Amino acid sequence: MMELESNHNSPVLTDPEPTSKSRLGIHSSLYSPPNVVFSLGLFLKIQGKKPLAVDDVRSNSWLDAMKSSSPTHRKKAKDFASELVLTDTDVAYHNWMLKYPSALVSFERITNYAQGKRIALFLDYDGTLSPIVDNPDCAFMSNAMRAAVRNVAKYFPTAIISGRSRDKVYEFVGLTELYYAGSHGMDIMGPVRPLSTDHVNCIRSTDKQGKEVNLFQPASEFLPMINEYWTAIAQCVQKTLKDYPRLRLTHGRKVLEVRPVLDWNKGKAVEFLLESLGLTNCDDVLPIYVGDDRTDEDAFKVLREGNRGYGIFVSSAPKESHALYSLRDPSEVQFCSWEVKFLGS
Ligand SMILES: O=P(O)(O)OC[C@H]1O[C@H](O[C@H]2O[C@H](CO)[C@@H](O)[C@H](O)[C@H]2O)[C@H](O)[C@@H](O)[C@@H]1O
């Protein structure tokens, strides 16, 4: 099994030292998008088209910010406009955000650092551009996310780097203007023709938030059995692979992958693409990589170790990472994708 070491001591990029405020995720003069104010990873839709400073909606201390963004608080505030209650999960997440500040809240700082630089954007697919769903064949990207990525690609070279096959991820994304790196970067290609995104046997269902989704789960009756035997199966595959020294086993979320023993991963793919784009060893280039999985750590590490760019880790739960910043979920990735026009030269 692939285990990644945690090596997150301090940010290595050489932009100005973050103030205690920005490290706490309460930067004072952040732009917010039209009609939206964000507060530590939570969006509030509001009226008005002018970009708004968040000072007036953001509290002055970390604890206040933490309290105000707590779902429990918001519910209570709505119901009773009184007592604040923080769950252990709230506290853990906001403590984690001290180490991995939200890219949204740090947007001004990132923008400042990117001044005069050319951005190259790398995006993971599952869990970054599409929400994690039970059936991998139904991990569809929303049209809104697609439009946001198309917008990004108007400004910067943009690549999708996925553990999926290149064809499959292209089928999901369907944008000809992007670069695609499939199979953890082992299969990289530029623009190709779109494939059909129709799937047979999909049923209409609802997700955990009650939203309508298409679902394709022909093996759902096997799920209890898979849950019961998952560990045993993983051990069995691991044991079998001992006889195949040129293959190695990696895993994601209930995914076992057998890969050739090859010094190649998403980090190498980022380096390869930067080189192909003529963007390597240039001081005026700022690569940004957004990903949610442990396989994305190789890319975060490449950017971090060379002081080369920003890793942005998409996670709604506290986890160690080589990234510098965080975003909570794909909806925050989507929002950021509309804002990147403010970045770079
Ligand atoms: O590198 P990525 O683009 O993030 O792809 C990583 C793996 O993604 C898929 O699996 C994950 O997403 C599925 C759909 O949301 C989910 O059902 C599964 O539990 C996740 O592990 C894909 O199926 C794998 O082949 C990719 O390696």
Side-chain angles (χ1 to χ4, degrees), residues 1-2 4 121-142 145-146 149 158-175 178-189 197 199 202 205 207-209 211 213-220 222-223 226-227 229-231 233-234 237 247-260 262 264-270 272-273 289-302 311-317 319 321-323 327 329-331 333-334 337:
M1 303 269 180
M2 182 179 72
L4 289 166
L121 190 63
F122 301 93
L123 299 163
D124 167 56
Y125 183 74
D126 287 278
T128 298
L129 298 182
S130 69
I132 293 295
V133 293
D134 289 338
N135 185 343
D137 284 339
C138 289
F140 300 117
M141 186 184 184
S142 69
M145 180 68 91
R146 186 170 296 102
V149 174
T158 302
I160 310 277
I161 304 200
S162 176
R164 289 177 181 265
S165 74
R166 178 171 49 75
D167 282 350
K168 186 67 189 175
V169 79
Y170 179 70
E171 185 184 331
F172 279 137
V173 178
L175 294 173
L178 308 184
Y179 292 82
Y180 290 87
S183 304
H184 300 284
M186 288 188 220
D187 181 12
I188 300 177
M189 207 178 185
T197 51
H199 288 276
C202 272
S205 183
D207 66 12
K208 286 176 190 152
Q209 284 77 44
K211 269 193 302 190
V213 290
N214 288 325
L215 208 55
F216 180 58
Q217 296 184 317
S220 54
F222 294 91
L223 285 178
I226 289 171
N227 284 332
Y229 293 118
W230 163 255
T231 315
I233 291 167
V237 174
L247 297 176
R248 68 183 170 117
L249 181 66
T250 61
H251 66 91
R253 294 185 183 84
K254 292 240 167 99
V255 170
L256 293 172
E257 287 177 325
V258 178
R259 302 201 219 171
L262 184 67
W264 196 263
N265 52 44
K266 290 183 172 185
K268 299 271 180 183
V270 166
F272 176 90
L273 278 162
Y289 187 105
V290 191
D292 76 311
D293 211 347
R294 59 170 73 193
T295 59
D296 299 309
E297 292 294 334
D298 292 317
F300 295 150
K301 233 190 310 190
V302 159
I312 301 178
F313 185 35
V314 183
S315 180
S316 57
K319 289 179 202 162
S321 172
H322 291 92
L327 288 170
D329 54 28
S331 72
V333 175
Q334 184 179 318
S337 302

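Please read all numbers here as calculations on a predicted model, not as lab measurements. When a ligand or atom number is given, it counts from 1 through the structure's own listing order.
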*Asks:* At a 4.0 Å threshold, what atoms of ligand 1 neighbour a non-hydrogen atom of A139?
*Replies:* 14 (C), 15 (O)
*Asks:* By number and element, which atoms of ligand 1 are closer than 4.0 Å to a non-hydrogen atom of Y125?
*Replies:*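 Counting from 1, the qualifying ligand atoms are 3 (O).
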*Asks:* With a cut-off of 4.0 Å, which atoms of ligand 1 are near a heavy atom of G163?
*Replies:*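 Counting atoms of ligand 1 from 1, those under 4.0 Å from G163 are 1 (O), 2 (P), 3 (O), 5 (O), 27 (O).
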*Asks:* Heavy-atom distance to atom 26 (C) of ligand 1: which of R294, E257, K266 wins?
*Replies:* E257
*Asks:* Between D167 and S165, do the side chains contain an N or O donor and an N or O acceptor separated by less than 3.5 Å?
*Replies:* no
*Asks:* Give the atoms of ligand 1, by number and element, whose distance to some non-hydrogen atom of P131 is under 4.0 Å.
*Replies:*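 Matching atoms, with element in brackets: 15 (O).
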*Asks:* Thinking salt bridges, do K266 and D296 make one under a 4.0 Å N-O criterion?
*Replies:* yes
*Asks:* Return the minimal non-hydrogen interatomic distance between A181 and I188, and the atom names on each side.
*Replies:* CB-CG1, 3.6 Å
*Asks:* So if I count the atoms of ligand 1 from 1 in the order they appear, which ones are less than 4.0 Å from some heavy atom of S162?
*Replies:*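 Atoms satisfying the 4.0 Å criterion: 1 (O), 2 (P), 3 (O), 5 (O).
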*Asks:* Below 4.0 angstrom from a heavy atom of I132, which ligand 1 atoms are there? Numbered from 1 as shown, please.
*Replies:* 12 (O), 15 (O)
*Asks:* Any idea which heavy atoms bring S162 and D126 closest together, and the distance?
*Replies:*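 Reported closest heavy-atom pair: OG-OD2, 4.4 Å.
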*Asks:* Using a 6.0 Å distance limit plus a 45 degree cone around the ring axis, check whether K168 lies over the aromatic ring of F172.
*Replies:* yes
*Asks:* Within this structure, what is the CZ-CD distance for the pair R164 and E257, rounded to the nearest 0.5 Å?
*Replies:*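 Going from CZ on R164 over to CD on E257, the span is 10.0 Å.
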*Asks:* Out of all atoms in ligand 1, which are within 4.0 Å of some heavy atom of D134? Include the element for each.
*Replies:*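 Listed by number with element: 17 (O).
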